[in-house]
There are 2 protein chains.
Amino acid sequence: MNIEDSNFILLRQHRLFRQLTYKECSELNIVSGFMNKKKNEFIYLNSLRNDRLYFLKKGYIKIGSYDKEGNEKIKEVLSQGDIFGQLTLEGDTGEQEFAQVIKSEAQICSFTVEDFERILMKRPDLAISFTKLVGLKIKGLQSRITSIMYKDVKARLVDFFIYLAHKERKETADELVFKNYLTHAEVASLVGCTRQTATTFINKLEEEGLVEFTRHHIRIPSISKLQSMAN
Amino acid sequence: MNIEDSNFILLRQHRLFRQLTYKECSELNIVSGFMNKKKNEFIYLNSLRNDRLYFLKKGYIKIGSYDKEGNEKIKEVLSQGDIFGQLTLEGDTGEQEFAQVIKSEAQICSFTVEDFERILMKRPDLAISFTKLVGLKIKGLQSRITSIMYKDVKARLVDFFIYLAHKERKETADELVFKNYLTHAEVASLVGCTRQTATTFINKLEEEGLVEFTRHHIRIPSISKLQSMAN
DNA sequence: GCTGTTTTGTCGGTTGGCCGACTTTTTAAC
DNA sequence: GTTAAAAAGTCGGCCAACCGACAAAACAGC
């Protein structure tokens, strides 16, 4: 099996690309945009203008930016099967953004917005699917805003673990265990508090038996219990 | 000129719809979705599932929801020419949402997501434009999250007035005056603080000569000065 | 023009979470 | 297996913003 074939198969992991024919897929010129990145390597960095879309085949990455003091502000963390990059199909990100591999090695393939738009022009059904995908992101951002504005740190952490649970859950079981690819500092940045307070409240949630957070894994004994906490 | 004609012309105010032909426009069945709403009336309320897209022809509205104590949480405020409703083209808003007219009478026209999708299928270029529009919203939400997470109330207010300025500005002049359709309480909700602190800091910004906030109008003497405040 | 209601202004008491600062634990590198 | 670096845990002082409470001002309805 050549690289293009394997890309085709892997891309089809995502429900958006499942609709693509082999020919359309090769028109995306993914091969040239294929990469293997080690831990801590950047996929892109400080690029104001980035006209690519990326598909994370394997591993974990974080998207963020740096403020003028050099502190990182994490926007989101992505795992296998996620799409990132120029989702808006249009330039000037406004802020300089980076995408960095965390925890383990990652495999990413990418294609240009230009190539993608060319296919969308031929496949309006796909354009609609894509819009719905972007729409999902909007809902996620909106509920995050609500969480940050109206809840205290503990409640925000609960929200965050629920979010993670939905992201990582494959089966429908109420218990969930998955590999932990986040440090306290990263959780803090995502939740909007300092590292110290994140540590304090993660431990508090552990005491209450709502989550188990170790360096190696995160275990949520009962998603429904966590959800009832959030009301 | 009949209603349909006038709708066509008004819809074309928006750059998204400027690309539509008269025929396509009438396929949206806007007429049946036309409405005139007085101050404080709801366009929709507590609808979990709403499969319509709305176009605000005239007036101002606020989008939000109520928490279990009954306090309103304003998500955003829209003015003439804005599109709202099921931008994600897909159901279950997750949260119950309302859209309410503020300040003065509003004119709204609407069409179903179904009709809209039918046109997008025929006009993929429009689908791409629409995706870019939704993409803009994402950028707005992301910068709002950054603002809330990393800045204090005063800086957030500055950000908010800059946002308003960009929204209301028609010419390129550095000074800007526009009708005020917001109360302190509404600004507070949008910025993420209590009414009292909003009042305090709006007055502080007035003392510094950065904004002029009266019940009737908002004046920004120098947008560039405000922007340099925000860094 | 009077009157009830909404909006705005102001002020202390209280507190959630920040900010160093430092220690302990875990991980990675050689 | 030693050692340096990174991550996690803990604590006291401090302050931004909340909260309740009330008064003044502006507006809307009749």
Side-chain angles (χ1 to χ4, degrees), chain A residues 38-41 60 62 67 69-74 77 100-105 147-160 179-207 211-218, chain B residues 38-41 62 67 69 71-74 77 100-105 147-160 179-207 211-218:
Chain A
K38 293 206 193 76
K39 185 178 171 180
N40 292 331
E41 281 190 311
Y60 306 94
K62 59 180 172 188
D67 65 14
E69 283 95 44
N71 310 307
E72 77 168 19
K73 302 188 286 184
I74 301 180
V77 173
Q100 187 179 17
V101 177
I102 49 176
K103 199 79 184 175
S104 52
E105 197 182 38
S147 187
I148 298 170
M149 291 219 302
Y150 301 100
K151 297 185 181 180
D152 60 17
V153 171
K154 197 181 164 192
R156 257 143 59 198
L157 276 170
V158 169
D159 283 348
F160 176 70
K179 188 180 166 190
N180 181 14
Y181 44 92
L182 296 167
T183 64
H184 284 188
E186 283 160 347
V187 173
S189 182
L190 285 162
V191 151
C193 69
T194 56
R195 200 229 76 221
Q196 294 97 312
T197 35
T199 297
T200 308
F201 284 103
I202 287 172
N203 290 338
K204 204 154 276 173
L205 290 176
E206 289 205 281
E207 278 168 37
V211 290
E212 198 179 296
F213 190 103
T214 75
R215 272 158 138 112
H216 306 289
H217 71 272
I218 295 175
Chain B
K38 293 208 193 73
K39 185 177 171 178
N40 293 331
E41 281 191 312
K62 58 181 172 187
D67 65 15
E69 282 96 45
N71 311 307
E72 78 169 17
K73 302 187 288 183
I74 303 179
V77 172
Q100 187 179 16
V101 177
I102 50 176
K103 199 81 183 174
S104 51
E105 196 182 38
S147 187
I148 298 169
M149 291 220 300
Y150 301 101
K151 296 186 182 180
D152 59 18
V153 170
K154 197 181 164 193
R156 257 142 58 197
L157 276 170
V158 170
D159 283 348
F160 177 70
K179 188 180 167 190
N180 182 14
Y181 44 92
L182 296 167
T183 65
H184 284 187
E186 282 160 348
V187 173
S189 182
L190 285 162
V191 152
C193 67
T194 56
R195 200 229 77 220
Q196 295 96 313
T197 36
T199 297
T200 309
F201 283 103
I202 287 172
N203 291 338
K204 203 154 277 174
L205 289 177
E206 289 205 281
E207 279 169 35
V211 291
E212 200 179 295
F213 190 103
T214 76
R215 272 159 137 110
H216 306 290
H217 70 273
I218 295 175

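Here is how names work: the chains are called A, B, and so on, in the same order as the sequence lines, proteins then strands, and each is numbered from 1.
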Determine whether [X] and [Y] make a side-chain contact, defined as any pair of heavy atoms from C-beta on separated by less than 4.5 Å.
X: Lys39(A); Y: Ile102(A); result: no
X: Asn40(A); Y: Val101(A); result: no
X: Lys179(B); Y: Ser104(B); result: yes
X: Val77(B); Y: Glu186(B); result: no
X: His216(A); Y: Asn180(A); result: no
X: Asp67(A); Y: Lys73(A); result: yes
X: Arg156(B); Y: Val153(B); result: yes
X: Glu105(B); Y: Glu41(B); result: no

Going 5' to 3' along DNA chain D, between which two nucleotides do contacts with chain B fall, using a heavy-atom cut-off of 4.0 Å?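 Endpoints of the contacted stretch of DNA chain D: dA17(D) to dC27(D).
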Separation of [N] [atom2] from [X] [atom1] (nearest whole Å):
X: Asn40(A); N: dA29(C); atom1: CG; atom2: P; value: 10 Å
X: Arg195(B); N: dG9(C); atom1: CZ; atom2: P; value: 8 Å
X: Glu206(B); N: dG9(C); atom1: CD; atom2: C1'; value: 12 Å
X: Lys204(B); N: dG9(C); atom1: NZ; atom2: P; value: 13 Å
X: Arg215(A); N: dT26(C); atom1: CZ; atom2: P; value: 7 Å
X: Tyr150(B); N: dC19(C); atom1: OH; atom2: P; value: 12 Å

State which of dG17(C), dG20(C), dT10(C) makes the closest approach to the side chain of Gln196(A).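 So the side chain of Gln196(A) is nearest to dG20(C).
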Can you give me the dot-bracket string for DNA chain D, 5' to 3', counting Watson-Crick and G-U wobble pairs with both distances under 3.5 Å, using [ ] for crossing pairs and | for partners on another strand? ||||||||||||||||||||||||||||||
Rounded to the nearest 0.5 Å, what separation is found between the CG atom of Leu190(B) and the CD1 atom of Ile148(B)?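 With rounding to 0.5 Å, CG (Leu190(B)) is 9.5 Å from CD1 (Ile148(B)).
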Got a sec? Which of residues 182-191 of chain A come in under 4.0 Å of DNA chain C, heavy atoms? none
Show your working on side-chain contact (heavy atoms from CB on, under 4.5 Å) between Phe213(A) and His184(A) and close with a plain yes or no. CA-CA 9 Å; Phe213(A) 190 103; His184(A) 284 188; 3.3 Å; yes
Please check if any side-chain donor atom of Thr197(A) sits under 3.5 Å from a side-chain acceptor atom of Thr194(A), or the reverse. yes
If you assign each of Lys39(A) and Ala198(A) to its closest nucleotide in DNA chain C, which residue comes earlier from the 5' end?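 This one resolves to Ala198(A).
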